[in-house]
Amino acid sequence: MIGLEFLNIAPQRFAEQAPALVVVGPLIAACAAVLAPGRRWAWFLCVGASAFAFWMAVVLASEVARQGVISYAMGGFPAPLGIEFRVDALSAMFALLISGMAVLTAVFSGESLETEIMSSKHPLMQGGFLTCLAGLLGLVLTGDAFNAFVFLEISSIGVYAMIAMGGARDRRAYPAAFNYLIMGTIGATFYLIGVGFLYAATGTLNMADIAARIPTLTSDRSIEVGLAFILIGLALKAAVFPLHQWLPAAYSHAPSMIVVFLSATATKASVYLIIRYLSTVFAFDWQVETAFMAFVLAPLSVAGILICSMQAAVDPEIRRILAYSSVAQVGYMTLAIATATSAGVSAALFHLFNHGVMKAALFMAIGGAAIHLKSQRLSDFAGAAKSAPWTMTAFGIAALSLLGAPLTAGFLSKLRLIQSLVAADWGWAAAVIGLSSLIGVFYVGRIFEVVFFRSEPEGGSAVREAPVSILLPLWLLAIANIWFGIDATIPLGLAESAAGAVMGATTLSPAGAP
Amino acid sequence: MLEQAASIAAFVGQGLVLAGAIVTIIGSVGVLRFPDFYTRIHAASVTDTLGAGLIIVGLVLLGGGFFVTVKLLIIWGLILITGPTASHALANAAFTSHVKPLGRGDLRQPSASDEG
Amino acid sequence: MEWTAPLLADPSLLFGAALLVMLAAILCAIVVSRKLLTSVALTGLFTLVAALWYIAMDAPDVAFTEAVVGGGVSTLILLGSILLTRESAEPVSPSRMVFPAIAVILAGVAILYAVGSIPGFGDPASPANASVGRDYLERTYKEVGIPNVVSAVLASYRGFDTLGETTVVFAAAVGVMLLLGFGERALGDPARRHEALNPDLVEEIDHHVVLRVATKIMIPLMFLFGLYVLFHGEVGAGGGFQAGVILAIALIVHALVFGLSETMRAFPAAAMRAGASAGVLIYAGVGVINMLNGGAFLDYDFLFPPPLEQALSGPDGHAGQHYGIIAIEIGVTATVASGITAIFYGFAGRAPDIASRGASRGPESGGGS
Amino acid sequence: MLVAAALAIFVSMSLMLVRAFAGPTTYDRLLSVNSFGSKTVLLIGVMGFANGRPDFLDIAIVYALINFVTTIGILKFFRYRTLEVSLSTRRRAVADASGERPDA
Amino acid sequence: MIDALATGYVYAIIVAMMMASLFVLLTTGNLIRKMIGLSLFQTTAGLFYIALSKVGGGTAPIIIDAESAVGQARAARLDPAYVEHFGVDGVVYGNPLPHVLILTAIVVGVATLSVGLAIAVRVREAYGDTELDAVRRADAAASEPEPPGPRGRPNA
């Protein structure tokens with residue numbers, strides 16, 4: 001399914017434990033990294049653990065492709081009693097995306113932290129990063145509604161502090177991190193309250209079990225309100241318009257390592273949970289839910305796409321331009337999800353994957369090139385292409401992909417988005433995507449003008465070529481952007497099987513059944 | 001005979017608990033009504049210690065098994081150590097930060113602190 | 001058959017109602033107060049009363065946790081942070097209240113709308129109480145073999161959640177260490193050395209001999225009590241988390257009375273950092289051992305290789321579950337005790353830096369009352 | 001009778017709350033918070049017996065401890081403006097640098 | 001009817017408290033007070049869960065012997081048929097699952113509180129104040145063409 005099956009060389013007993021190992025590996029490494037005697041050790045641990053998680057994710061994905069849904073009972077207790085890890089194609093795809101990005105970020109982190117954080121704190125940063133990785137992986141694999149809350153918090157708490165660590169360069173990181181913490185925690189608590197309502201109505205916490213019991217209920221008022229709370233909470237975490245205000249500030253002032261990783265994964269994991277609830281738990285066939293999708297989610301997505309694209313077009317700071325564009329892109333995904341068709345969800349997932357690849361490349365290039373540059377202003381990147389040709393070429397490729405230029409991954413995903421919207425008779429929504437792409441031409445054009453065509457400022461640019469350990473993951477991502485633009489079998493295969501997994505069956509069979 | 005003793009103990013115990021509760025209410029009224037900090041702390045700490053003693057002895061008489069009795073006695077001990085210590089520290093802190101006790105004749109003037 | 005809950009036969013419901021009203025009163029006072037210290041003291045009271053309410057609702061474990069966390073740790077951390085920031089909040093202009101008020105009222109109405117369809121309070125036949133919750137009550141003794149069902153669910157059935165919870169504490173400790181350091185400023189504070197050289201700064205009269213003596217008695221008792229709570233958690237209320245917090249509070253009392261640098265000499269920040277990660281390692285390590293023995297992650301029945309497990313347990317004992325739960329509770333205790341101590345070091349040890357910038361304090365503290 | 005005693009303790013806690021809201025000095029608030037805490041300890045005991053399940057006195061012990069600790073914490077807050085110093089010496093420099101009375 | 005009155009108030013008060021703490025959190029501009037509001041909000045969510053777990057006439061979910069003195073005293077208060085139907089081995093217990101969840105949530109809450117306060121302390125160190133208004137003013141001043149210096153003005 002993913003072209004990486006050759007990595008599935010684990011012995012069978014090992015492969016059976018993969019759902020647990022994929023989370024526990026990074027977790028143990030996080031503790032070890034905090035204890036590491038020096039920053040080199042911490043970095044090795046970080047790369048090693050991420051690679052291990054990636055390997056396990058590949059094993060998982062190929063097992064899922066081979067035998068369908070995998071259910072893993074934590075503690076050996078069957079599902080409604082114990083916590084279940086339930087891996088289907090959707091979770092496997094997210095696990096692959098998150099752990100793959102983690103490997104690249106981990107490689108990137110060595111040099112990048114060097115310039116941003118004092119070296120005695122590197123082990124703590126790496127430990128926090130690995131905790132976040134474990135949290136995100138757990139979030140996408142778990143089949144238990146409350147366990148998802150715990151992982152949501154694991155993946156956030158360290159991140160709040162790490163975003164604030166950007167304050168050494170720019171003090172605006174502190175209030176940004178604080179706002180993120182407040183918004184994130186309100187979101188998580190809303191989620192918790194929503195899960196409480198589902199629990200009150202169904203008496204269980206296992207998602208598949210909840211899904212199985214919902215049709216048997218006589219009154220669904222608490223389910224409706226529970227769903228509303230869960231979705232609002234997750235929308236806060238996923239930065240869905242208009243609950244996105246924390247994101248641009250947090251992304252523009254955090255240390256680059258964190259931004260690279262978060263931009264590719266964190267909001268995506270919340271989008272995952274939204275899809276999970278809408279499709280698996282509520283099965284897309286419920287009246288209130290369809291009304292919600294058509295009359296709340298879709299208009300909000302459209303507003304988010306347009307407004308945030310405009311904000312991106314006028315903002316003077318380069319990272320914030322990209323952050324606003326991220327919110328707009330989340331809007332694309334929710335818009336496609338709102339069609340509630342298999343093609344829509346698959347297009348959203350395909351775009352989500354590609355967007356992760358391009359955004360990570362963009363932030364990585366900026367982080368790498370601007371190692372010696374304290375400012376984030378776009379104008380300070382004047383002529384950067386001359387002083388850092390390799391870095392900025394990769395940046396340019398990813399930016400073209402963001403724009404949706406042909407022969408890049410972004411083109412294919414926008415094409416599929418529009419196709420799926422048209423197929424669902426949402427032509428106006430397809431027009432919105434077209435319009436926002438036009439605005440995209442403007443802001444990407446602005447960046448291109450500054451980076452490639454303006455001459456360097458007097459006294460030379462502060463932008464330098466990134467070191468090899470940054471160029472390596474950066475170019476991997478840039479090449480991926482082109483590769484997936486020409487031959488999209490891998491992401492498309494993942495997205496389609498994932499969409500098939502959640503859209504195919506209207507309800508999951510309760511745990512235990514094959 | 002033994003049962004009779006047990007029921008008497010239970011009755012006495014309940015009475016002691018109630019008495020202790022009444023003592024704490026009296027103390028609280030004192031804290032509410034007394035005119036300055038030092039008299040209030042007096043009301044609070046004296047009645048806390050006495051009320052706690054009465055209630056805990058009452059609960060011991062009610063009987064709840066060996067461990068419960070031991071725990072009750074530990075709690076009593078803790079209250080006896082921490083209550084006066086905290087009161088002392090509070091009064092000390094108030095005094096060293098120049099909270100003045102009311103003097104002779106101050107009670108005649110209605111002071112702001114009088115209003116609960 | 002229809003059953004109505006025997007509400008009036010249950011005195012705890014009377015207590016519960018009274019306590020809820022008291023909670024609401026305290027919350028109202030918090031909403032209107034602007035002095036941060038008053039808010040913090042009232043928040044401490046709020047959590048204490050909430051804990052009382054938990055006892056009335058038959059949740060002693062939750063009450064225990066809420067008391068040690070809300071009443072103890074949160075209050076102390078809040079105090080530490082007020083010291084490092086400012087003491088009263090600016091008033092909020094009414095115009096800024098409009099939007100939040102609307103949002104809050106909408107959310108409240110939505111919840112009340114949903115609450116109408118939840119089965120009545122105290123109903124034993126409600127879905128929440130009749131399904132999985134009841135299964136735990138019926139199965140715990142057979143499958144895990146300890147009387148405290150909450151501990152069993154926490155450590156065994158939903159042990160993975162608890163691993164997550166421990167990780168959260170670990171992550172928070174890492175975060176605070178990143179942001180505030182390890183209290184190293186308290187050890188290397190030049191003003192402190194200056195004070196040692198200038199004895200006239202030190203007042204002669206010893207005000208706190210009573211406090212010190214009392215504390216000296218209390219600290220060993222607290223340690224002992226912490227260990228008791230740790231190992232008693234299977235039988236009664238308590239467990240690893242509560243024990244960890246109690247141990248941390250014992251250290252915090254020591255720091256409060258005898259000085260932070262004194263405590264940090266005995267329990268250095270590096271050890272706390274190591275302890276925090278060692279706890280998670282112990283916990284996850286137990287899970288990995290289970291995997292190596294052929295079970296699922298955290299399946300304590302496989303803590304020992306199957307033949308040994310049979311030899312230890314006998315016909316229907318649960319040696320694996322028993323020792324597994326103790327092992328992970330020790331892990332939890334280690335992480336929580338060291339993590340919270342490290343967090344306290346961070347906040348308390350930051351103080352000299354701010355205090356030396358006393359000049360910027362002045363204008364802020366004028367805003368009070 | 002136990003229920004009546006519990007309610008009596010509850011009433012006295014409410015009176016303490018009134019004092020805590022009213023002040024007027026911070027020390028009054030502290031006093032009432034402290035006293036509130038020790039009444040809570042008693043209430044747990046009485047409530048346990050009234051419910052027929054007196055074996056949760058551990059929580060009462062914890063309350064007693066917590067009450068002591070927070071009182072010391074708040075005290076240090078006022079007298080020393082830092083949680084960090086030892087109580088065996090009084091740091092005049094710090095206490096006076098703040099230049100304010102806690103009850104102001 | 002009496003039962004409906006006797007039960008409805010619990011959720012109503014809890015929801016009101018939940019919303020009051022959310023209101024504190026959303027309106028105030030003081031970072032510490034925001035954290036207090038957040039912590040209260042989480043606590044009230046806990047109250048909601050525990051209210052769900054209450055079983056009328058139940059006791060704490062720590063297994064006791066129905067034949068023991070305590071067990072018999074508890075059973076004596078209740079209708080035997082009720083105990084028979086809802087009890088486990090002759091004793092009616094509260095629901096343990098929400099207790100476990102809220103135990104976890106309390107811990108998560110204190111972790112969030114400590115990280116949030118640590119960030120608030122850093123805000124104070126960088127800006128000289130913990131009011132969001134002051135922070136905004138300082139940022140606005142710094143983004144003007146002539147920035148007033150890297151550290152900004154305290155108490156602006």
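Lettering follows sequence order; numbering is per chain, from 1.
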Nearest 0.5 Å, what's the CG-CG distance between Asn95(E) and Asn129(C)?
-> 4.5 Å
Over all atoms of both residues, closest heavy-atom pair of Pro96(E) and Gly133(C) = CD-O, 3.6 Å
Pairwise distance OG(Ser21(E)) to CZ(Phe46(C)) - rounded to 0.5 angstrom | 7.0 Å
Select, from Leu101(E), Leu22(E), Ile32(E), the one with the greatest count of heavy-atom pairs under 4.5 Å involving chain C.
-> Ile32(E)
Between Ile62(E), Val110(E), Leu97(E), Thr112(E), the one whose heavy-atom pairs under 4.5 Å with chain C are most numerous | Ile62(E)
Side chain, backbone, both or neither of Thr44(E) within contact of chain C (heavy atoms, under 4.5 Å) | side chain
Evaluate the criterion side chain to side chain contact (heavy atoms under 4.5 Å, CB included) for residue pair Arg122(E) and Leu180(C); output intermediate values, then yes/no.
-> CA-CA 8 Å; Arg122(E) 293 303 294 257; Leu180(C) 300 182; 4.1 Å; yes
Most chain C-contacting option - heavy-atom pairs closer than 4.5 Å, from Leu25(E), Thr43(E), Ile63(E) = Ile63(E)
If you measure from CD1 on Ile50(E) to CE on Met57(C), what distance do you get to the nearest 0.5 Å?
-> 10.0 Å
Side chain, backbone, both or neither: which part of Ser74(C) has an atom under 4.5 Å from a heavy atom of chain E?
-> both
Atom CG of Asp133(E) with >12 non-hydrogen neighbours under 6.0 angstrom = yes
Can you tell me how far NE2 of His99(E) sits from OG1 of Thr65(C), rounded to the nearest 0.5 angstrom?
-> 11.0 Å
Based on non-hydrogen pairs under 4.5 Å, which of Glu66(C), Glu138(C), Gln242(C) is most in contact with chain E?
-> Glu66(C)
Do you know which of Gly29(E), Ser53(E), Pro98(E) has the most heavy-atom pairs with chain C at a distance under 4.5 angstrom?
-> Ser53(E)
Minimum heavy-atom distance between Val150(C) and Val100(E), given as atom pair plus value | O-CG2, 3.7 Å
At a heavy-atom separation under 4.5 Å, does Ile55(C) approach chain E through its side chain, its backbone, both, or neither?
-> neither
Separation between CZ of Arg96(C) and CG of Leu26(E), rounded to the nearest 0.5 Å = 12.0 Å
Below 4.5 Å from any heavy atom of chain E, which atoms of Leu137(C) appear? Answer side chain, backbone, both or neither.
-> both
Pick from Ile14(E), Thr59(E), Val24(E), Thr28(E): which one has the most heavy-atom pairs with chain C under 4.5 Å?
-> Thr59(E)
Might you point out which heavy atoms bring Gly87(E) and Arg134(C) nearest each other, and give the distance in Å?
-> O-NH2, 3.3 Å
Atom group of Leu31(E) that falls short of 4.5 Å from chain C, counting heavy atoms | neither
Okay, Ile343(C) and chain E: the region with an atom under 4.5 Å from a heavy atom over there is side chain
Which portion of Ala173(C) sits near chain E, non-hydrogen atoms under 4.5 angstrom | neither
Contact winner vs chain E - Ser33(C), Ala56(C), Ala50(C), heavy-atom pairs under 4.5 Å = Ser33(C)
Is it the side chain or the backbone of Thr167(C) that comes within 4.5 Å of chain E heavy atoms, both, or neither?
-> neither
Can you name the closest pair of heavy atoms from Leu179(C) and Val115(E) and give their distance?
-> CD1-O, 4.3 Å
Under a 4.5 Å cut-off applied to non-hydrogen side-chain atoms, are Val92(E) and Pro124(C) in contact?
-> no
Side-chain contact, heavy-atom cut-off 4.5 Å: Phe121(C) with Leu52(E)?
-> no
Would you sort out whether Ile36(E) and Val40(C) count as a side chain to side chain contact (heavy atoms under 4.5 Å, CB included), showing the intermediate values?
-> CA-CA 7 Å; Ile36(E) 291 177; Val40(C) 170; 3.9 Å; yes
Scanning both residues in full, the closest heavy-atom pair of Pro61(E) with Asn148(C) reads O-OD1, 3.9 Å
Under 4.5 Å from a heavy atom of chain E, the part of Leu23(C) involved | both
Gly58(E) to Asp58(C) - nearest heavy-atom pair and separation = O-OD2, 3.1 Å
Would you indicate whether the side-chain heavy atoms of Val10(E) and Leu20(C) approach each other to under 4.5 Å?
-> yes
Heavy-atom proximity to chain E below 4.5 Å, by part of Ala17(C) | both
Counting heavy-atom pairs under 4.5 Å with chain C, the top scorer among Ser114(E), Ala20(E), Gly94(E) is Ser114(E)
Contacting region of Val132(C) [heavy-atom separation from chain E under 4.5 Å] = side chain
Atom group of Val31(C) that falls short of 4.5 Å from chain E, counting heavy atoms | both
Most contact-rich option vs chain E, by heavy-atom pairs under 4.5 angstrom, among Trp53(C), Tyr136(C), Tyr141(C), is Trp53(C)
Hey, does Leu117(E) have a side-chain heavy atom less than 4.5 Å from the side chain of Leu78(C)?
-> yes
Report the C-alpha separation of Leu27(C) and Leu40(E) in whole Å, then their side-chain angles, then the decisive distance to 0.1 Å, and conclude whether the side chain to side chain contact (heavy atoms under 4.5 Å, CB included) test is met.
-> CA-CA 9 Å; Leu27(C) 195 66; Leu40(E) 289 173; 3.6 Å; yes
Checking heavy atoms, do the side chain of Val235(C), its backbone, both or neither come under 4.5 Å from chain E?
-> backbone
Leading residue by heavy atom contact count with chain E [cutoff under 4.5 Å; candidates Thr43(C), Val21(C), Val62(C), Val168(C)] | Val62(C)
Relative to chain E, which segment of Arg158(C) carries a heavy atom at a distance below 4.5 Å: side chain, backbone, both, or neither?
-> side chain
Out of curiosity, Ser81(C) OG to Arg124(E) CZ, how far, rounded to the nearest 0.5 Å?
-> 12.0 Å
When you look at Met19(E) and Ile111(C), which way does the side chain to side chain contact (heavy atoms under 4.5 Å, CB included) test go after all the steps?
-> CA-CA 10 Å; Met19(E) 292 307 133; Ile111(C) 297 188; 3.6 Å; yes
